[in-house]
Structure formats: C-alpha cells, structure tokens
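Data block below; observations after.
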Protein chains: 2
Amino acid sequence: MTSIADKASTRRRPHDSTATRRALLDAGRTVFDELGYDRATTREIGERAGVDPALIARYFDCKEGLFLATLAGGADDEQLDFEPRALLAFLVERWDERGHSPISRALASPTLTDDVRQQVSSVVSERLLKRLVEVLRERGAPEPELRAELLVAMAVGIAMTRANGTLETLSGAPRDEVLAALGPVVDALAAP
Amino acid sequence: MTSIADKASTRRRPHDSTATRRALLDAGRTVFDELGYDRATTREIGERAGVDPALIARYFDCKEGLFLATLAGGADDEQLDFEPRALLAFLVERWDERGHSPISRALASPTLTDDVRQQVSSVVSERLLKRLVEVLRERGAPEPELRAELLVAMAVGIAMTRANGTLETLSGAPRDEVLAALGPVVDALAAP
DNA sequence: TGATATTGTCAGCGACTGATGACATCAATT
DNA sequence: AATTGATGTCATCAGTCGCTGACAATATCA
C-alpha cells in the first residue's frame, strides 16, 4: 500500500516534476473539457490535480499554455478505423464522454486565439483529416478535403448539442440509434 | 436632422424606456453572438447600445436575463421554407453572419443554465423543429424528431467551425459550395 | 407651477481571476 | 555534511467583472 508511485493518491510524491506536469495536463484536459476554457479556473485545475496552481505558470507559462498542451497530447491515435461511418462513430463516442479531450470544445468555440486555432487545426488535420481525406479520395468522392471537414463539423455539432441537452430528442437518444440514423447520411457524404 | 427618434445616434433621447430596452437587446444580441456569453461584458453591451450598463439590471434583472431576452426575440420566423435543403441553407446562411442571433452559440455552448437550456429548447422547437418534423413526417422519414434535430445539430457544427476558422477548407469555402456538397447528405437524412 | 413617479448617471463595492515573487523544502553532488 | 539547483507553497497584487444604491434629470399630471 501507499506505493511510492501512487498517482491519484492524496499525497503527491514531492519534487517529481514529470508527475506534476502530467497531473496538471490530465486535470486540465478534464476541466477544460467539462467547463470550457473561460469557465475553467487555474485554481480548480490545481485542486483536481492535487497541485498548487502556481505550478501551471512554472511548467506551462500561463493558463493558455496549459490549454495548448492539453490539445496536443492525450489522444493516442492508435489503430483508428478511418472508414467514414466508423470514424464518425468514434468521434461521437469519444466526445459524448466528457473529460477526455477539449478539442471538440475548441472546435465549437466562438472566439479563438491565433495560437489555439493553429494548434487545433494542426492536431485535427494530422490526427483525423489527413487519413480521412485519403479514404474519401480512394472512394472517388469529390472535394475530399471539404467533405472530410464536413464530417468532423457534423460530429462537433452533434457532440455539443448532445452534451448540453438543448436538443432534447437528440440528447436523450442512445448513441446507437443516433449513429444508425446517420449511416446513410455519412454514405451520402462519402459517395462519388 | 437630429431626428428625435434617432436610434444609433450619439445622443439618446432621454427617458424613453422602450427605446432603451430595444437598444440593449440589439447590442446584447450582437455582443453575445460575437463573443459568446462569458466573454461578453455588460460594459461592452452598454457602450454599444449607447446606454449605461446599469440599465441592464433595471430592465432585465441581470446579465443572464438580458441573454434570455435576446434568445427569445430577434428572429422573425417569416415565411420560412421548411424543405430540409432550404432550411439547412437558411440556418448556415443566418449563422454565417455574426451579430444576429446568439442561439447558435448557445446550442454549441458546453455549459448552460437550466433557464437558458429551457429557453433555447423552446425557441428552437417552436421556430424550427415543429414544422421541420412535419415535413419529415410527410416524407415518410423514420424518427422525424431525431432527424430534425440532427439537421439543426449539423448546422450548428458547420456554423461554429466555419466561424472560428479551425477547419481551414470548410472555413474558406464559399457557402454555395458547402451547401452543394451537403445537398445529398440532407436528402439522405430526410429519406424514408 | 409644484408634486411625484419614471428614467438615466455615476462611483464604487465585493468577489473572482490569472499571475507574480519571496520563501520553504527537497534531492543530488561534492 | 554542506552547497546548490530544482521543486513546491503561500500571500498577495492588479485587473476585471456583475451588480448596487444614492443621486440627478426628465416627464407627467394635478
């Protein structure tokens, strides 16, 4: 018990900078995703990480620096299936569960810093669009770049409205049902 | 000149409560839409309305009260075409131009007060969903409520990502091109 | 004209936020 | 063991925010 490498324990092993960094990153991801950038406070992030908020400034320069870092990391783009239906299902599933990636929130945000916009663009492009565009091109879909981004945009809209409960039927419907209804829609988007 | 009913003039006609109310509503709509609820400040709204910010509290109780009021009014649901393609085109067009309705922002917002969620729900339902559902039902589309909300959700995602520029191709593409690509997609959503 | 309610102005309060810098604590090296 | 750099803690600052209450200006009506 009380393993020295205990991660989520109440007592932080002192003077372990990499553990502190990661704790802040994890907590930041969660809080930014749950509350959005503006509502998220450095004090809240620090508390959830079990770390003094002042360390955000030390390791990430400022709040926005931590935000940028959370955007970059986190999503391990393991063996994703880039078949359009499967990818939409993955995105909706991922963004349905809060606390993992603030990218969907950034994509849906009204105002973005230049740095953040650039970061989001490059992450989404690298992790999702690049290979999705390839798949669409193989299928002979016209304007594959545009259609790939449209698929991501659709996922964003669905995830956000499902999360905040403004569209009641959509929010209440089980994910399977939503995805089933979307099947032919995605096919139409990916058709030649 | 210097008409007594001059609305955007530098000098406000004194003691005209209805004009003041409307000025605050208009400015609120614009600022909430441009900046989102959190970034919008009562001082900024007051300045744009040419009105002392303290009057927000008098006429709308508080900032959120003004926000609720902006959600309710504004959109004159004139002779809308509820044919799905046309409706999506209308929504994307409307939400492409900032400063008119903060509803899209509310739909894309991560966290919502109960009051705001309820207001957004009822406005969207009354103005858009109700008749769109009818059209979908006439067409024999299954789960017309779900599909109607999916169309709105798609419009939200597209509008937000286009506005913040995170998806570069989609943001840069002319609206016509985007809507053209979406035509078959909407048809698939509305198909029986 | 004088009395009264409505409307607009202004200064400032209390709370919160991100950030800073002085200080304490720890660990590694000599 | 002593030194030194790295790491963590804390109090606090400066700025911003929504909101309030006292007061001034205006309109309405007797």
Side-chain angles (χ1 to χ4, degrees), chain A residues 4-28 31-32 34-70 102 111 113 115-116, chain B residues 2 4-28 31-32 34-70 102 110-111 113 115-116:
Chain A
I4 204 176
D6 211 343
K7 208 171 61 178
S9 145
T10 51
R11 291 229 193 151
R12 163 157 316 285
R13 179 165 120 217
H15 296 76
D16 184 341
S17 63
T18 67
T20 301
R21 268 188 69 101
R22 194 172 49 205
L24 285 174
L25 273 171
D26 289 344
V31 178
F32 284 135
E34 285 181 5
L35 270 44
Y37 182 83
D38 288 329
R39 300 268 172 108
T41 69
T42 56
R43 285 171 171 84
E44 168 82 12
I45 294 171
E47 193 172 357
R48 290 217 207 174
V51 156
D52 192 289
L55 295 180
I56 292 176
R58 194 194 297 277
Y59 291 113
F60 302 95
D61 232 45
C62 60
K63 182 188 178 187
E64 184 173 319
L66 174 60
F67 186 61
L68 284 170
T70 62
T111 309
T113 313
D115 286 342
V116 174
Chain B
T2 66
I4 205 176
D6 211 343
K7 210 169 61 176
S9 147
T10 50
R11 290 229 194 152
R12 163 156 315 284
R13 181 166 119 214
H15 295 76
D16 184 341
S17 62
T18 66
T20 300
R21 267 187 69 101
R22 194 172 47 205
L24 284 174
L25 273 172
D26 289 343
V31 178
F32 284 134
E34 285 182 4
L35 270 48
Y37 181 82
D38 288 328
R39 298 269 173 106
T41 68
T42 57
R43 286 173 171 85
E44 167 83 12
I45 294 171
E47 192 172 357
R48 291 217 207 173
V51 156
D52 193 288
L55 295 179
I56 293 176
R58 195 195 295 281
Y59 290 113
F60 302 96
D61 233 45
C62 60
K63 182 188 178 186
E64 183 173 319
L66 174 60
F67 185 61
L68 284 170
T70 63
T111 310
T113 314
D115 286 341
V116 173

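A note on names: the letters A, B, ... follow the listed sequences, proteins ahead of strands, and every chain is numbered from 1.
Here the CG-CZ distance, from Leu55(B) to Arg21(B), works out to 11.5 Å after rounding to the nearest 0.5 Å. For the atom pair CD1 of Ile45(A) and CG of Leu25(A), the computed distance is 10.0 Å after rounding to the nearest 0.5 Å.
Look at CZ on Arg39(A): it is 20 Å from P on dT16(D), rounded to the nearest Å. The distance from atom OH of Tyr59(A) to atom P of dA19(C) is 17 Å, rounded to the nearest whole Å. If you measure from atom CZ of Arg22(A) to atom C1' of dT7(D), you get 17 Å, rounded to the nearest angstrom. Taking atom CZ of residue Phe60(A) and atom P of nucleotide dG8(D), one finds them 12 Å apart after rounding to whole Å. Regarding Asp16(A), its CG atom lies at a distance of 12 Å from the C1' atom of dA6(D), rounded to whole Å. The distance from atom CD of Glu47(A) to atom P of dC10(D) is 13 Å, rounded to the nearest whole Å. Rounded to whole angstrom, the span from the CZ atom of Phe67(A) across to the P atom of dG18(C) amounts to 13 Å.
Using a 4.0 Å cut-off, some side-chain N or O of Thr20(B) falls inside it from OP1 or OP2 of dG8(C).
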Going 5' to 3' through nucleotides 18-28 of chain D and flagging B where a protein heavy-atom sits under 4.0 Å of the base, S where only the sugar-phosphate is that close, and - otherwise, we get BSB----BS--
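Every residue meeting the side-chain hydrogen bond (donor to acceptor under 3.5 Å, both in side chains) condition with Thr113(B), not counting sequence neighbours, appears here in chain and number order: Glu64(B). Under the salt bridge (charged side-chain N to carboxylate O under 4.0 Å, His left out) criterion, Asp38(A) pairs with Arg39(B), not counting sequence neighbours. Considering only residues two or more places apart in sequence or on other chains, Arg48(B) meets the side-chain hydrogen bond (donor to acceptor under 3.5 Å, both in side chains) condition with Glu34(B), Glu44(B).
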For nucleotides 2-5 of chain C, give me every protein contact, N/O to N/O, under 3.5 Å, one pair per line with atom names.
none

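For Asp115(B), the CG atom sits in a packed shell: over 12 heavy atoms of surrounding residues, nucleotides or ligands are nearer than 6.0 Å.
Annotation: ring pair (Phe, Tyr, Trp, His ring centres under 6.0 Å) contacts involving residues 36-58 of chain B, sequence neighbours excluded, comprise Phe32(B)-Tyr37(B), Tyr37(B)-Phe67(B).
For Val31(A) against Ala40(A), the heavy-atom pair with the smallest separation is CG1-CB, 3.5 Å. A pairwise comparison of heavy atoms in Ala49(B) and Ala23(B) identifies CB-O, 3.5 Å as the closest pair.
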